[in-house]
Amino acid sequence: MNAVVTAQNGTQVTERELMNVLKNSLYPGAADASVMMVMGYCRAAGLDVMKKPVHIVPIWNKDAGCLVDVIMPGIALYRTEAARTGEYVGKSEPEFGPDKTATLSGTEVTFPSWCRVTVRRLVHGKICEFTAKEFWLENYATAKRDTQAPNAMWKKRAYGQLAKCTEAQALRMAFPEQTGGTNTDDEMSGKDFSGETIDLTSHARQVEQERTPNYIAYFENKLADCRNTASVDALWKQWNDRIEKAQSAGRPIAQETIERVQEMMGERMGEVEKAERQQAEEMAAAPVEEPVA
């Protein structure tokens, strides 16, 4: 986590410093593992993470029975990738179908029935049009998993959200090699995954756990070799140094691990102190041999 990262402006920061910036500004409240996935995604794709090209979207995994964090591109990344080809010739203004009013899980909502957007691409010197038509009811995000009511964004920005989803579909049609088979965060927010999925957050957490030393087993073995209080004191100092270094590196040791190792240290200290006292008592009780004249 202390690896140095070079930003596009040439500034060098550690990964921990970059993570702190991302968690406090672009991805507030996100877990470390999810922000690490964002950093890895952007690094692999050659993207500037500070421009927030991707989003962290919690999606309900039916098989796992829980929400999993998934990295999804934003509409801005679709536009950027299309522009980089030099063949993007713009798009039409979104065209909307007639308004509809419906009551969804007790919430009355008015929304455009559909939206149409055309993206233009230069193909072999000719401008070609790729038109997508998306329906609000097929795209909106629900407020909760067990309700049909839209979330606050889709209720407040019924036109804007649908326009972004429609543009994303048109960009996929026009630039399939740039957008691939992914969906944007606006399209996937509030959706479910069914079938086999990969919980990337759990995987990242597992990798992090595998990288974390097993302090309990390590110090258990070390304490078995301690035969006096001085050796236990030295090991206790080493443990405190480990705690401080882990904290400084941004990977603090779990409190339960700290308490367990300290408990082991205390138990071993009591054992060696008892052994030293017994040895001292035996030496004091032993008869003193008179020197031979």
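- Applying the salt bridge (charged side-chain N to carboxylate O under 4.0 Å, His left out) test to pairs two or more places apart or on separate chains, those with a residue in residues 269-283 are Arg268-Glu271.
- Looking at residues two or more places apart in sequence or on another chain, you find a side chain to side chain contact (heavy atoms under 4.5 Å, CB included) between Ala254 and Glu256, Thr257.
- At most 12 heavy atoms of other shown residues, nucleotides or ligands fall within 6.0 angstrom of atom CE in Met153.
- Between the NZ atom in Lys91 and the CZ atom in Arg120 there is a gap of 9.5 Å [rounded to 0.5 Å].
- Connection of Ile127 to Phe130 is not established within any shared hydrophobic cluster, with ILVMFWY side chains joined at heavy-atom distances below 4.5 Å, either directly or through further cluster members.
- Other residues, nucleotides and ligands contribute over 12 non-hydrogen atoms within 6.0 Å of the NZ atom of Lys52.
- Placement of Met36 and Val38 within a single hydrophobic cluster is found when ILVMFWY residues are connected by side-chain heavy-atom separations under 4.5 Å, directly or transitively.
- In summary, Lys164 and Glu167 do not engage in a salt bridge, as defined by a charged side-chain N under 4.0 Å from a carboxylate O.
- Side chain of Ser34 to main chain of Ala30: no donor-acceptor pair is present (N/O by atom type, distance under 3.5 Å, no hydrogens or angles).
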Residue pair Glu81, Leu47: steps toward the side-chain contact (heavy atoms from CB on, under 4.5 Å) verdict: CA-CA 10 Å; Glu81 295 292 353; Leu47 302 172; 3.9 Å; yes

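- In terms of heavy-atom proximity, Tyr140 sits nearest to Ala149 at CE1-C, 4.2 Å.
- You'll find the ring centres of Trp239 and Phe219 inside the 6.0 Å limit.
- Rounding to the nearest 0.5 Å gives a distance of 7.0 Å between CZ of Arg79 and OH of Tyr88.
- Residues Met50 and Leu18 have side chains in contact (heavy-atom distance under 4.5 Å, counting atoms from C-beta outward).
- By the 4.5 Å heavy-atom criterion applied to side chains, Gln255 and Glu259 are counted as neighbours.
- Hydrophobic cluster membership differs between Phe135 and Leu162, with clusters built from Ile, Leu, Val, Met, Phe, Trp and Tyr side chains linked at under 4.5 angstrom.
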Stepwise side-chain contact (heavy atoms from CB on, under 4.5 Å) test for Val261 and Glu220: CA-CA 8 Å; Val261 173; Glu220 187 175 29; over 6 Å; no

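- A heavy-atom distance below 4.5 Å is found between the side chains of Ile71 and Ile56.
- Not counting sequence neighbours, Tyr41 has no partner by the ring pair (Phe, Tyr, Trp, His ring centres under 6.0 Å) test.
- Taking CG from Leu171 and CD from Gln178, the interatomic distance works out to 10.0 Å, rounded to the nearest 0.5 Å.
- What you find for Ala132 and Gln169 is that their closest heavy atoms are CB-CG, 3.6 Å.
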Stepwise side-chain contact (heavy atoms from CB on, under 4.5 Å) test for Val21 and Glu17: CA-CA 6 Å; Val21 171; Glu17 290 172 333; 5.7 Å; no

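- No side-chain heavy atom of Thr166 sits under 4.5 Å from any side-chain heavy atom of Trp114.
- Of all heavy-atom pairs spanning Cys226 and Val272, the tightest one is O-CG1, 3.8 Å.
- We find the OG-CZ distance between Ser113 and Phe96 to be 10.5 Å, quoted to the nearest 0.5 Å.
- Here the straight-line distance linking atom CZ of Arg43 with atom CG of Asp48 works out to 12.5 Å at 0.5 Å rounding.
- The side-chain heavy atoms of Met269 and Asp233, taken from C-beta on, include a pair separated by under 4.5 Å.
- For the 3.5 Å distance criterion, the side chains of Thr142 and Thr147 fail to qualify, holding no donor opposite an acceptor.
- Pairs engaging residues 93-111 under the salt bridge (charged side-chain N to carboxylate O under 4.0 Å, His left out) rule: Glu95-Arg116 [sequence neighbours left out].
- Ring geometry, Phe111 versus Trp136: the interplanar angle falls under 30°, so the pair is classed parallel (tilted spans 30 to 60°).
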Working for side-chain contact (heavy atoms from CB on, under 4.5 Å), residues Met173 and Val119: CA-CA 9 Å; Met173 295 167 63; Val119 167; over 6 Å; no

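- Looking at every heavy atom in both residues, Ala163 comes nearest to Cys115 through CA-SG, 3.9 Å.
- Atom SG of Cys42 is separated from atom NZ of Lys51 by 11.5 Å, given to the nearest 0.5 angstrom.
- In this view, Lys23 and Asp32 satisfy the side-chain hydrogen bond (donor to acceptor under 3.5 Å, both in side chains) rule, not counting sequence neighbours.
- Atom CG of Leu122 sits in a crowded spot, with more than 12 heavy atoms from other residues, nucleotides or ligands closer than 6.0 Å.
- The number of heavy atoms from other shown groups lying within 6.0 Å of CD (Gln238) is above 12.
- Looking only at atom types and distance, the side chain of Tyr78 has a donor-acceptor partner in the side chain of Arg172 under 3.5 Å away.
- A cation-pi arrangement is present between Arg242 and Tyr218 under the rule of less than 6.0 angstrom and at most 45 degrees off the ring axis.
- Taking 4.5 Å as the limit, some side-chain heavy atom of Ile216 sits within range of a side-chain heavy atom of Met264.
- For the pair Thr80/Pro53, no side-chain contact is recorded, criterion being any heavy-atom separation below 4.5 Å from C-beta on.
- Glu87 pairs by the side-chain hydrogen bond (donor to acceptor under 3.5 Å, both in side chains) definition with Arg121, not counting sequence neighbours.
- Residues Leu77 and Val54 are in side-chain contact: their nearest non-hydrogen atoms beyond the backbone lie under 4.5 Å apart.
- Both Ile258 and Trp236 sit in one connected hydrophobic cluster of ILVMFWY residues. Membership requires side-chain heavy atoms under 4.5 Å apart, directly or through other members.
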